[in-house]
Amino acid sequence: MKPIRLPEPPGSPKRMGGVPDIFESGVYDVVRRAVIIGNGFPASENQSMGLVRALGLSDKQTLYVILQLTSTDSFRVTRPTGGINEWLHWLPVSIHKKLYFIISRIYGYSNYFISRRGRKLAHLPAGNGAGVGLSSVMEADVKSIVKMAKDTFEKDGPLLVVASGRDTISIASSIKRLASDNVFVVQVQHPRSHLDRFDMVIAPKHDYYSLTPQAQEQVPRFLRKWITPHEPPGDHVVLTIGALHQIDSAVLRTEANAWHHEFAPLPKPLLVVNIGGPTRYCRYSTDLAKQLIASLHNVLTSCGSVRISFSRRTPEKVSKLVIKELGTHPKIYIWDGEEPNPHLGHLAWADSFIITADSVSMLSEACSTGKPVYVVGAELCTWKLVEFHKKLRERGMVRPFTGLEDMSETWGYPPLNDNAEAASRVHKALGERGWRIRP
């Protein structure tokens with residue numbers, strides 16, 4: 001089989017003739033900096049960071065640095081947590097905060113709002129969730145970001161704003177409304193409605209599953225108006241197969257070197273197993289874990305080494321069962337959750353992957369390597385995740401894990417390259433506006 005060449009990390013289009021920016025155009029049309037607005041969830045924030053990386057506005061060393069306006073600033077939208085806040089997360093974050101303020105005032109005179117577990121209402125974390133996702137962040141404030149965009153426009157040019165997740169929608173759309181001449185706002189993940197609030201929306205194709213004939217048949221007619229989106233994607237909507245992320249050939253080479261001492265000596269082939277957790281559209285319990293354990297036992301003879309990792313969503317009863325049944329096998333190592341996290345090393349060194357069907361992020365990253373990816377539990381998925389797995393299978397990126405595989409055999413496919421395609425669309429949209437990313 002011919003080796004697959006991974007895509008290089010994309011950057012801005014090269015300038016012709018080596019003419020410095022200042023002689024070709026004014027500073028006003030060159031985008032040199034970006035603001036990332038996170039929501040505290042690593043899977044969402046990773047998508048924004050992946051896009052900024054693909055655009056060449058931040059590398060691995062400066063991605064987390066804030067207060068450096070020529071690179072990337074990181075802001076986070078935070079919600080109050082604990083107590084009654086557990087029942088308020090369905091509200092827009094701005095309304096949630098205002099309601100919490102009122103409740104906290106009432107709580108000063110009454111014990112009614114003590115949580116059912118007897119804990120007091122938790123305030124906003126002082127560190128804004130430092131250490132998760134964006135490692136160094138500031139509280140996202142519309143006024144301060146708009147002021148920064150306007151005050152520094154003359155000196156530093158336009159500001160790229162990249163946000164991801166439901167809680168960031170009101171912040172990102174307000175920045176667009178108040179500083180439309182100074183910013184280009186990209187909302188990653190579908191905002192469900194009023195897409196014209198953003199310069200660009202980047203969402204997976206399966207977010208439009210509700211418009212397909214198959215989906216329409218599953219929903220009673222009187223409920224269809226409540227299911228979004230209602231309209232096909234417009235010209236400013238970029239559709240991807242999976243989730244954006246930070247994995248490209250440069251990252252894989254770097255991590256291969258960084259983890260060489262640990263993975264190079266391992267017997268090959270190296271099989272990496274990533275176990276997620278049940279979600280709204282992919283529900284499972286220990287039954288799937290038992291199926292996975294039995295199938296893994298069947299393929300161990302064709303494996304040199306097996307590395308197993310759990311996600312934050314993995315139920316304790318699932319992880320305990322896997323550890324009990326597989327933890328003592330000499331070929332198997334189960335990561336204990338302590339730092340350093342070997343995830344990037346696994347992506348770089350694995351010969352093949354087995355991944356539970358619930359995680360769009362883990363599957364997207366693995367499929368960007370061009371290596372064999374086996375999926376367990378896809379038959380348990382419903383609604384739009386069915387469409388996601390269908391697209392991966394049609395492109396030859398994944399196969400179902402049956403336990404009958406010879407893991408020493410390999411196969412490949414053109415790696416999933418959503419990051420580069422999304423970055424290309426951003427370049428094009430900026431060009432139509434007379435702007436461009438710095439070379």
Side-chain angles (χ1 to χ4, degrees), residues 38-51 54 133 162-168 187-192 201-210 212 215 228-229 233 237-248 272-284 288 309-315 343-344 346-347 350 353-401 413 415-422:
N39 62 355
F41 293 95
S44 293
E45 294 179 349
N46 192 44
Q47 296 200 54
S48 296
M49 292 187 283
L51 178 62
V162 182
S164 180
R166 179 169 62 93
D167 286 349
T168 68
Q187 184 70 34
V188 182
Q189 296 184 331
H190 204 288
R192 315 317 304 172
V201 171
I202 300 176
K205 291 181 179 179
H206 59 260
D207 272 358
Y208 283 88
Y209 177 71
S210 61
T212 64
T228 57
V237 178
V238 178
L239 297 181
T240 61
I241 299 298
L244 301 183
H245 51 77
Q246 298 189 71
I247 307 305
D248 56 37
V272 167
V273 182
N274 290 331
I275 301 174
T279 64
R280 177 183 178 186
Y281 298 117
C282 194
R283 300 185 184 279
Y284 59 85
L288 184 65
S309 293
F310 303 109
S311 78
R312 293 179 179 85
R313 294 185 293 101
T314 307
H343 178 62
L344 295 179
H346 286 169
L347 289 171
F353 302 91
I354 296 175
I355 300 175
T356 53
D358 55 275
S359 180
V360 174
S361 296
M362 288 194 297
L363 285 165
S364 299
E365 290 179 340
C367 288
S368 72
T369 68
K371 301 173 185 179
V373 178
Y374 296 95
V375 179
V376 58
E379 67 279 3
L380 301 175
C381 294
T382 60
W383 197 242
K384 62 182 182 179
L385 272 193
V386 174
E387 188 71 10
F388 170 62
H389 285 284
K390 177 184 176 183
K391 294 295 183 184
L392 294 183
R393 290 193 301 271
E394 289 175 348
R395 291 182 170 225
M397 294 177 174
V398 302
R399 297 178 183 179
F401 179 55
Y413 48 87
L416 187 62
N417 204 15
D418 284 333
N419 286 16
E421 293 173 12

Identify, with sequence neighbours excluded, every residue that meets side-chain contact (heavy atoms from CB on, under 4.5 Å) alongside A43.
-> S361
Within-4.5 Å side-chain heavy-atom neighbours: P204 and F388 = no
Residues in side-chain contact (heavy atoms from CB on, under 4.5 Å) with A366, at least two apart?
-> F353, I355, V373
Would you please name every residue forming a ring-ring contact (aromatic ring centres under 6.0 Å, His included) with Y284, sequence neighbours left out?
-> none
How would you list, by chain and number, every residue that makes a side-chain contact (heavy atoms from CB on, under 4.5 Å) with K391, sequence neighbours excluded?
-> I241, E387, E394
Is a side-chain N or O of Q189 found less than 3.5 angstrom from the main chain of S164, in a donor-acceptor match?
-> no
Across all chains, not counting sequence neighbours, the ring-ring contact (aromatic ring centres under 6.0 Å, His included) partners of F310 are none
Partners meeting side-chain hydrogen bond (donor to acceptor under 3.5 Å, both in side chains) with T228 (sequence neighbours left out) | R192
NE2/H346 to OG1/T369 distance, rounded to the nearest 0.5 angstrom?
-> 13.5 Å
State which residues pass ring-ring contact (aromatic ring centres under 6.0 Å, His included) with H343; sequence neighbours excluded, sorted by chain then number.
-> none
Nearest heavy atoms of H245 and S364, plus distance in Å | NE2-O, 3.6 Å
Value rounded to 0.5 Å, distance of CD1 in I202 from CG in L51 | 4.5 Å
A163 versus T168, closest heavy-atom pair with distance | CB-OG1, 3.5 Å
H206: side-chain hydrogen bond (donor to acceptor under 3.5 Å, both in side chains) partners, not counting sequence neighbours = none
Can you pull the salt bridge (Lys or Arg N to Asp or Glu O under 4.0 Å) pairs that have at least one residue in residues 354-367, sequence neighbours excluded?
-> R313-D358
Which atom of L416 lies closest to which atom of G242, heavy atoms considered = CD2-N, 4.5 Å
Donor-acceptor contact present, side-chain H190 to main-chain P229, <3.5 Å | no
Do L347 and K371 come close enough that some side-chain heavy atom pair is under 4.5 Å?
-> no
When the side chains of residues 273-282 are checked against the rest of the protein, which donor-acceptor pairs come out under 3.5 Å, sequence neighbours left out?
unit_1	atom_1	unit_2	atom_2	d
T279	OG1	C282	N	3.3

For the residue pair V375 and P400, establish whether any side-chain heavy-atom pair is separated by less than 4.5 Å.
-> no
Heavy atoms only: give me the nearest A357-L363 pair and the separation to one decimal.
-> O-CD1, 4.1 Å
The complete set of side-chain hydrogen bond (donor to acceptor under 3.5 Å, both in side chains) pairs with one or both residues in residues 376-386, sequence neighbours excluded, reads D207-K384
Do C367 and R395 touch side chain to side chain, with heavy atoms closer than 4.5 Å?
-> no
Compare all side-chain heavy atoms of T240 with those of E421 and state whether any distance is below 4.5 angstrom.
-> no
If you round to the nearest 0.5 Å, how far is OG of S48 from CD of Q187?
-> 8.0 Å
Are D248 and N419 side-chain neighbours, meaning at least one heavy-atom pair lies under 4.5 Å?
-> no
